[in-house]
Amino acid sequence: MIVFKNNLKKQIHKLLDSEYPLGSTKLEINYTPQMKLGDLALPFPFQLAKIMHRSPRDIAAEIAPKLIELEGINKVDIAGGGFINLYINRDKFFQQKLQTTVKSSLTSEENKIIVEHTSINPNKAAHIGHLRNSCLGDTLARCLKYKGENVEIQNYIDDTGVQVADIVFGFMEIEPKTLEEVKNIPEKFDFYCWDLYTRVADYINHHAGSKEKKSKILKNIEEGTGVEAKLAQHISQRILKAHLKTMQRLDISYDLQACESSIIRLEFWKLAFQLLKEKKATHFVEEGTNKGCWVMKLEDESQQEKILVRSNGIVTYVGKDIAYQLWKFGLLKKDFFYKPFVRQGKKTIWITSSKKTSNSPEFGQGSRVYNIIDIRQSYPQKIVIQGLRSLKFGEQAEKSTHFSYEMVALSPKSLKELDVNVSKEDRDKDFLEISGRKGLGVKADDLLDKLNEKALFEVEKRNPNLSYENKRRIAQKIACGSIRYFMLKFARNSIIIFDFEDALSFEGETGPYLQYTFVRINSIFRKLEENFGFAQTDLQSLIKSSDIRLEVLPDLEYSDFWEIILYASKLDEEVQHSLNSLEFLHLAKYTFELCQKFNAYYHKYSILSEKNRDIKNIRILTIHFVRKTLKTALDLIGIPQPERM
RNA sequence: GCGCCUGUAGCUCAGUGGAUAGAGUGUCGGUCUCCGGAACCGAAGGUCGCAGGUUCGAAUCCUGCCAGGCGCGCCA
């Protein structure tokens, strides 16, 4: 549709530019609110009215007849206060849509795009809040790839931070366990740590000297020394592997795991710091509350100072993040080393290393960067981007996007089902923030297990004859689709108040509804082959034949046919729209609505039992086009397509 | 205190300055001698938080107010 509209715009300019000041309008092409008003609407007479001091309706009436020459347009109308509405030549449009094989009409703009998502602290199991991040990030990456971009997906691992120190503390002081004993803990290790982590904060508060012990642990982890560093390394890598497995269940993968420990060992900060000093983006504070610190002035009106290096010489989180962001753009004159971390089928996921390695692919050097990080980190993210600007990397600052989203919280009802202790003041709230520290949260694997179980039950009910293996595989796909749609259907700024009943539903606006629709379409093609011997080759020759005469369709069916074809043609626009606004609910809801339209069509028009050959062929081509579009859309939002369900 | 965000149907949420504000869910009533009922059709349900303003046109933009949430650390 993008190509079609662009072509129209060009033609309109050609026809009207000599007589009307179209250049000063946006020349938008919208859709009409109702099909009986035509297909496309031009609102530009309203804008011209202002310039030309005439009524919009008059202008529309004057221009409309001139537009009948537009190629691909059958009829031009004026409507409302001054809209010019266009009617598309349906036969030509349909024919053309069937025969275009180009994957997408979008064009790439960047050399390389780096998408950072997931980035879970490696000290406990992943929870549903993390899933929102991963689902959004993965969908962004899929859409960018569809657009034709070269995309690199990174997962940032803070394997030297306080959260890991907490869990190391737990193993050393609370349990206590040696490294060997920790290694011998059976699966699920990330669940084990989840429970241990909830005990740490409480323990520290009630045992004198704990804080000192913890800071010693943190210091050793950061410096890579002692048993603490060995424990931290083992724990974080093992939990990271668990996270990757969890994400694999959702068909989410990565190219690179970027570790903070590598950033520290390779002294990325030193280079970044040098750069900051050279460009006078940071200065040393001689007195006041921040005495002894290196700070960066904020550009906003607050004129506050953000500390980059503490008075004890230790760099802050924001400082490290600036260094990492510089590396992503290839602006740091230093690179990581890389080694293979895990294999997923044919794919290798790499991890950064501070020790020299050989034969590794290249990473980084992005021309554009998206950081998928929740909205509570807006402030530090703003500072990171400002850091780039202060270093005179304005272009890179422009191309650094903090892709933010609101949190996933728990409803009081879902808390009850989790059977966790909640403090008195928390109990009265409308929703409760997930807290790994408090153990308040739904673990991603637990939710996936629940969905799998439910899906398996439903599949069994409908397909008792399938093999158990097969049923399990289908259930897994349904669970995946269910979560992915759920995480996408809310706007980024909307807090998701997690409720088991909503999340476990397979009816209405859910992933399984979309999957079911797709399965239905495939089932028709399967039966066409079984009952009529109508094979793939027959479909191909039908597509190529120019013998499609839409006039055989009765009026009502003709308009139902057109509605679904026109809607299915909007996919690329929806992808573009989602990418522009970074709101993938547009694409999700579009896919859902396409399914709704198909299901309505399905109930109204039978294909297998249709006796009229011409009508039957048009219906086959219609659902073929819907299937093709739906498959692309489902792939983009990461919803797998089971063969049956 | 300062900054950002949110307020739309009973509930959960969409809505790109454009035409009669839409979905899902819940409630009520229907649809099958079946291309799969995880479906479809219909009904009821709205002061778009409140008050001004800009505009040919405002749920959408601006101002003020009310209510709620989140940020604002020599934590990450």
Item to complete: Check every strand shown and say whether F506(A) touches a base, only sugar-phosphate, or nothing at a heavy-atom separation below 4.0 Å.
Response: base
Worksheet item: At under 4.0 Å, does any side-chain N or O of K589(A) touch on OP1 or OP2 of G15(B)?
Response: no
Worksheet item: Whole Å only: how far is the CD atom of E458(A) from the C1' atom of A39(B)?
Response: 14 Å
Worksheet item: Between C56(B) and R57(A), is there an OP1 or OP2 to side-chain N/O distance shorter than 4.0 Å?
Response: no
Worksheet item: What class does the angle between the rings of F486(A) and F490(A) fall in, given that below 30° is parallel, 30 to 60° is tilted and above 60° is perpendicular?
Response: perpendicular
Worksheet entry | Interatomic distance at C1', U12(B) relative to G52(B), whole Å | 32 Å
Discussion item. Looking only at side-chain N and O atoms, does S119(A) offer a donor or acceptor that is under 3.5 Å from a partner on N133(A)?
Written reply: no
Discussion item. Quiz question: going by heavy-atom distance under 3.5 Å, is there a donor-acceptor pair between the base of U25(B) and the side chain of E509(A)?
Written reply: no
Worksheet, complete the sentence: If one requires at least 3 consecutive Watson-Crick or G-U pairs with distances under 3.5 Å, the stems of RNA chain B turn out to be B:1-7 with B:66-72, B:10-13 with B:22-25, B:27-31 with B:39-43, B:49-53 with B:61-65
Worksheet item: If we take the C1' atom in both A21(B) and G45(B), what is their distance in whole Å?
Response: 14 Å
Discussion item. Taking the nucleotide of RNA chain B with the nearest heavy atom to each, does F592(A) or A491(A) sit closer to the 5' end?
Written reply: A491(A)
Worksheet item: For the residue pair Y324(A) and F268(A), is the inter-centroid distance of their aromatic rings smaller than 6.0 Å?
Response: no
Item to complete: Ignoring backbone atoms, establish whether Q576(A) has a side-chain N or O less than 4.0 Å from OP1 or OP2 of U16(B).
Response: no
Discussion item. With a cut-off of less than 4.0 Å, is there a side-chain N or O of R462(A) near OP1 or OP2 of A38(B)?
Written reply: yes
Discussion item. I need a per-nucleotide contact map over nucleotides 70-76 of chain B, read 5' to 3'. Cutoff is protein heavy atoms under 4.0 Å; write B for the base, S for backbone only, - otherwise.
Written reply: SSS-BSB
Practice prompt. Might you point out which heavy atoms bring V442(A) and L410(A) nearest each other, and give the distance in Å?
Written response: CG2-CD2, 3.9 Å
Discussion item. Students often get this wrong, so: under 4.0 angstrom with heavy atoms, is N599(A) touching a base, only sugar-phosphate, or nothing?
Written reply: sugar-phosphate
